[in-house]
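Sequence lines set the chain letters: A, B, ... in the order given, protein chains first and strands last, and positions in each chain run from 1. The basis for the numbers below is simple: all heavy atoms, side chains too, and nothing from hydrogens, waters or symmetry mates.
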Amino acid sequence: MLVYDTTLTSRLLLGTSRYPSPAVLMEAVKSSGTDVVTVSLRRESSGERSGQGFFSIIRSLGVRVLPNTAGCHSVKEAVTTAHMAREVFDTRWIKLEVIGDRTTLQPDVFGLVEAAKILCEDGFQVFPYTTEDLVVADRLLDAGCRVLMPWGAPIGSGQGLNNVVGLRAMRARFPEVPLIVDAGIGVPSHAARALELGMDGVLINTAVARAGDPVGMARAFADAVKAGRAAFVAQPMLPSDVAIPSTPELGLAHLV
Amino acid sequence: MKITLNGVEREIAESRLEQALRELGYCDGPIATAVNGQFVPKKQRLEIALNEGDRIEVVAPMQGG
């Protein structure tokens with residue numbers, strides 16, 4: 001999968017939050033085979049240096065980091081956070097979140113487009129967390145985004161793909177744009193479904209981190225993503241409203 | 001001079017951001033800073049003069065989804 005100028009060998013991106021321990025996080029990242037983990041920025045207490053410890057762990061894994069602007073509710077907050085992230089993580093990548101609703105954590109797509117335009121013009125490579133709305137997607141591409149990250153369901157909900165028709169329409173409208181489902185995936189079959197639809201990748205966090213065995217679940221997601229992609233490439237059959245016998249009726253013995 | 005550091009009021013003697021950060025206990029490390037909501041790049045911390053009541057934000061890498 002090619003995102004901006006970078007080729008990724010895995011179509012599974014992994015979040016680093018909510019794991020039972022740093023050791024489990026590290027093992028889960030390795031088990032997932034991912035090239036990319038998401039990270040954030042939060043207030044650092046003087047003398048505590050917890051951020052430095054976390055960053056050392058991430059760097060030891062040898063994966064790319066995709067900083068997010070999670071928790072930002074305004075364009076200004078998101079843009080400022082992106083600038084801070086570029087300095088700390090030394091990357092032009094930013095997973096742009098501008099949250100519009102505190103309950104569903106639905107993106108504020110108006111603020112998202114505005115922030116994306118500012119950041120793209122400033123040299124960032126923006127990964128926008130968006131909905132499946134085609135008009136918003138168009139605006140994000142006009143702003144300079146070269147990847148789109150539509151939600152599957154509300155963040156952390158584990159509901160899966162709430163609008164398969166919408167995602168399919170997005171795939172059809174933007175055949176050349178990498179589409180990575182960003183939120184709401186709960187189990188590996190949801191991820192496989194996303195890839196079967198032609199999505200280019202998925203970003204998973206809670207479904208792995210809050211599993212009984214995060215390391216095993218990371219491996220299961222890796223397998224699901226590979227299976228889903230292989231199925232898409234192999235071109236799935238078209239569904240039918242009526243039954244079609246798989247065994248030929250021609251030559252059936254007359255036994256009445 | 002009274003400033004607010006990450007939402008907590010603090011008293012500092014230094015008036016430049018770089019020195020104030022050291023006074024407040026931040027050594028070298030992966031941190032980013034903002035003053036009154038404006039990002040201050042690392043290379044500008046020496047030049048930024050703080051004023052009474054300024055709001056300083058110091059952030060560092062953290063887990064994220």
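- In this structure, the portion of F89(A) lying under 4.5 Å from any heavy atom of chain B is its side chain and not its backbone.
- When all heavy atoms are compared, the tightest approach of G65(B) to S17(A) is N-CB, 4.3 Å.
- Chosen from K42(B), M62(B), E57(B), the residue pairing most often with chain A at heavy-atom distances under 4.5 Å is M62(B).
- Closest approach of F39(B) and E87(A) over heavy atoms only: CZ-OE2, 3.7 Å.
- For T206(A), no part lies near chain B; criterion is any non-hydrogen pair under 4.5 Å.
- Of all heavy-atom pairs spanning P30(B) and F55(A), the tightest one is CB-CD2, 3.8 Å.
- Among the candidates H83(A), K76(A), E77(A), the residue making the largest number of heavy-atom pairs closer than 4.5 Å to chain B is H83(A).
- Among R43(A), K95(A), M84(A), R18(A), the residue making the largest number of heavy-atom pairs under 4.5 Å with chain B is R43(A).
- Shown here is F110(A), whose CZ atom has no more than 12 heavy atoms of other residues, nucleotides or ligands within 6.0 Å.
- Contact record, N205(A) with G64(B): OD1-O, 3.5 Å, taken as the closest heavy-atom pair.
- Between the T80(A) side chain and the Q38(B) main chain, no donor and acceptor come within less than 3.5 Å of each other.
- Of the inter-residue distances, the one linking S45(A) atom OG with L5(B) atom CG reads 8.5 Å to the nearest 0.5 angstrom.
- Nearest heavy atom pair, residue E44(A) against residue N6(B), reads O-ND2, 3.2 Å.
- For the options L41(A), L66(A), I204(A), heavy-atom pairs under 4.5 Å to chain B are most numerous at L41(A).
- Residues Q63(B) and S40(A) approach most closely at O-OG, 2.8 Å, considering heavy atoms.
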